[in-house]
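Structure first, commentary second.
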Amino acid sequence: MKEFQLGNSVSEVLEMLPEARIKKVKLGNREIGIVRVGDRIFGFNSFCPHRGASLIQGSIHAGEVICPLHHYRFELQGGRSKAGDCPDLETFPCTLSEDGLKIILP
Ligand code: FES
C-alpha cells in the first residue's frame with residue numbers, strides 16, 4: 001500500500017479540482033482519475049474495466065462516472081458497475097485534510 005499527497009491545504013486542493021471535472025493524476029507508475037463532487041473527492045483507475053477506454057474523458061452524473069465509449073456507469077463510491085457484464089471499477093480512498101489530499105493506492 002502506498003500513500004500519496006496532492007496539495008498542501010484544503011484551498012489548494014479545491015482549486016486543483018473544479019466541481020465534477022475529472023483530473024488525470026500520475027502517482028508512481030499508476031495513472032488515476034480524481035474528481036470532486038461537492039465536498040467529497042473520489043479516486044479511480046483511469047481505464048474503464050470494460051474495454052479500457054480512458055475514463056478521464058468520461059462524464060460525472062449522479063455520483064457515477066460514465067465511460068465515453070459504451071456509456072457504462074460506475075459508482076464513484078466503491079466503483080460498482082451499473083451496466084451489464086463488466087467488472088467493477090477500481091477505486092482508491094481519498095481523504096481531504098488541512099494538509100492536503102491523501103490518496104492510498106494498493
Ligand atoms: S470501454 Fe468503457 S464502457 Fe466499454
Side-chain angles (χ1 to χ4, degrees):
M1 207 153 57
K2 239 181 173 174
E3 189 174 292
F4 294 87
Q5 180 164 338
L6 283 185
N8 294 303
S9 68
V10 171
S11 58
E12 198 178 328
V13 172
L14 296 182
E15 208 170 290
M16 227 186 298
L17 299 173
E19 170 87 19
R21 283 230 222 113
I22 302 169
K23 185 177 179 68
K24 177 167 80 175
V25 178
K26 196 153 168 40
L27 299 176
N29 58 1
R30 301 286 306 256
E31 179 186 292
I32 75 167
I34 296 180
V35 69
R36 176 174 70 81
V37 179
D39 59 358
R40 303 187 70 194
I41 297 175
F42 303 93
F44 52 87
N45 191 333
S46 63
F47 298 103
C48 179
H50 179 226
R51 297 268 173 84
S54 173
L55 291 175
I56 303 299
Q57 317 301 326
S59 51
I60 301 296
H61 180 71
E64 298 172 345
V65 57
I66 304 165
C67 180
L69 194 55
H70 306 107
H71 309 291
Y72 282 17
R73 297 176 289 119
F74 303 92
E75 288 179 349
L76 289 169
Q77 177 68 50
R80 193 158 70 93
S81 168
K82 303 297 288 283
D85 190 16
C86 176
D88 291 343
L89 175 65
E90 185 180 20
T91 58
F92 310 109
C94 295
T95 311
L96 184 59
S97 74
E98 292 306 315
D99 302 327
L101 181 66
K102 283 197 173 58
I103 306 159
I104 296 175
L105 300 191

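Nothing fancy with the numbering, it's 1 onward along the sequence. Please read these numbers as outputs of a predicted model, since none were measured by experiment. Atoms within a ligand are numbered from 1 in the order they appear, just like the ligands themselves.
Distance alone, capped at 3.5 Å, is enough to place a donor-acceptor pair between the Q5 side chain and the G7 backbone. Checked by atom type and distance alone, the side chain of D99 never pairs as donor or acceptor with a backbone atom of N8 at under 3.5 Å. No donor-acceptor pair closer than 3.5 Å links the side chain of R73 to the backbone N or O of E64. The backbone N or O of E31 lies less than 3.5 Å from a partner atom in the side chain of S46, making a donor-acceptor pair.
Checking I22, I41, V65, L55 one by one against V35, the side chain to side chain contact (heavy atoms under 4.5 Å, CB included) holds for a single residue, I22.
Atom CD of E15 is surrounded by 12 or fewer heavy atoms from other residues, nucleotides or ligands within 6.0 Å.
Each protein N, O or S atom less than 2.8 Å from atom 4 (Fe) of ligand 1 was counted, giving 2.
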